[in-house]
Protein chains: 2
Amino acid sequence: MGAALTEKQNRVLKFIAQRIWREKGAPTIREIAQHFKFSSTGTVRDYLRVLQKKGYIKLAKKKSRAIELINEKLLQIPVLAQICAGTPTLTYEDIEGYLDLERILFQDDQIFALRVKGESMIEAGIMPDDLVLVRRQLLCENGDVIVAFIDGEATVKYFRQRKNKVFLEPANKGYKPILIDKDTFSVIGKVISVVRRYV
Amino acid sequence: MGAALTEKQNRVLKFIAQRIWREKGAPTIREIAQHFKFSSTGTVRDYLRVLQKKGYIKLAKKKSRAIELINEKLLQIPVLAQICAGTPTLTYEDIEGYLDLERILFQDDQIFALRVKGESMIEAGIMPDDLVLVRRQLLCENGDVIVAFIDGEATVKYFRQRKNKVFLEPANKGYKPILIDKDTFSVIGKVISVVRRYV
DNA sequence: ATGTATACCACACAAATGTGTGGGTGTCAA
DNA sequence: TTGACACCCACACATTTGTGTGGTATACAT
């Protein structure tokens, strides 16, 4: 799809993506120049042309803030409060809030998603093929759902700490908790969300 | 939060929101004018001022496309392929794809989210307090997870059809399938996704 | 009668913004 | 040594774009 980027080109692309996802919209050429301390708008335009040629962005002519990311995706979903009360018309007056996943984005790639394999967490509602959103962190608290490396495999489990002993506990009666030697396993991160999609 | 909007004000706001979420970014004043066939930019500016005063948007001065929605949220999450194979470094070369929830957005408000109450679908991995994303549709296929109205309550169940009979089947051994009279219940929509968040 | 709000218009102006021209330095492969 | 690239600069220019001024018409409440 896209040719390889140099370090600097990648930094420019990342900056644009951040602005598009976190801030209001795409930056102007001069805003990019200011951020990278370029004293010429031509410099930025050269970068944009390269990024476009390599297939990472699309530019529109003579329009302001007209940088479009290839593979850009957006999400905003209204969250309705529980509607069991009984109004048969679902209006947006019932909106409870919004899915706010914006903050977990782009914090230096500290967040990623994993596809779940196996049924060890099935009783916690984490099914095979679900996606878990993982925030990379080394420390975790008792009861957290975490992703850890054991024997070269990434697994999703409960983190349990009892009297100096650390267990990785599945949520499936058919599986047994794993007693862990603190030195031989490593925590990848904490599961902060589960996403499942039906066809 | 926000005062009531008139019909036309609401249409302008919806147009802006659509452009921000589906298209590249916020429209310019003249783009809005063109869409609504206003021959004056001042007309649009009046609308923007009203929308801002009523608390639906925020405007920045002397910036192009600087319309910001209150409660705007964005999402894009890289989806890593299952990494059980064993590389201890999670690189973005493992990206399997992207959570693509963009398409389900703003198709005339056909999608909304519901917070789950009760444990009737617990064996399908749908837990209390989960959010289910629902696409509004009246028809559904055998085996779909749907949201239906029964007795003034919205419930999440499997849709089962056997020999002219329609059942709403829970995923919980403690609950029994509900035989439904086709005429007295109504399907709200199909569950297309489940989202759960941990603290 | 007066004020306030909605819903438009025309026109002008300055700032913001994209674009063009014409440079420069270095690196690296042909 | 020539060319292609990455990586910068200065400066000018035309268009886009936000903003301001000053209108018109209707409706509605005080």
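Proteins come first, then strands; the chains are lettered A, B, ... in the order of their sequence lines, and each starts at number 1.
Contacts between residues 32-48 of chain B and DNA chain D, counted as heavy-atom distances below 4.0 Å, involve B/T41, B/R45.
Whole-Å rounding puts the B/L59 CG to D/dT17 P distance at 16 Å. Atom P of nucleotide C/dA16 and atom CZ of A/R65 are separated by 11 Å, given to the nearest angstrom. Rounded to whole Å, the distance from NZ on B/K61 to C1' on C/dA14 is 16 Å. Put simply, CD on A/E7 is 14 Å from P on D/dA6, counting in whole angstrom units. Regarding A/R11, its CZ atom lies at a distance of 16 Å from the P atom of D/dA6, rounded to whole Å. Here the P atom of nucleotide D/dG18 and the CD atom of B/Q52 are 14 Å apart, to the nearest Å. Look at NZ on A/K8: it is 15 Å from C1' on D/dC5, rounded to the nearest Å. When the C1' atom of C/dC8 is taken as reference, atom CZ of B/R49 falls 15 Å away, rounded to whole Å.
Place B/K62 and B/Q9 on DNA chain C by their nearest nucleotides, and B/Q9 ends up nearer the 5' end. Of the two residues contacting DNA chain D, namely B/I29 and A/K53, the nearest-nucleotide position lying further toward the 5' end is that of A/K53.
Of the possible donor and acceptor atoms, none in the side chain of B/T28 sits under 3.5 Å from a partner among the backbone N and O of B/R65.
Residues A/V145 and A/Y158 meet the side-chain proximity criterion, which asks for heavy atoms closer than 4.5 Å. Considering only heavy atoms from C-beta on, A/I32 comes within 4.5 Å of A/I67 through its side chain.
Separation of atoms CZ (B/R160) and CG (B/D144) is listed at 9.5 Å; rounding is to 0.5 Å. Atom OH of A/Y47 sits about 6.5 Å away from atom CD of A/Q9, to the nearest 0.5 Å.
One finds no side-chain N or O of B/S64 lying less than 4.0 angstrom from the OP1 or OP2 phosphate oxygen of D/dG18.
Side-chain atoms of B/K54 lie closest to C/dT6 of the nucleotides D/dT19, D/dT17, C/dT6.
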_Full working for side-chain contact (heavy atoms from CB on, under 4.5 Å) between A/L139 and A/V187_ = CA-CA 7 Å; A/L139 300 172; A/V187 176; over 6 Å; no
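Side-chain rings of A/F15 and A/F36 approach one another, their centers coming within less than 6.0 Å.
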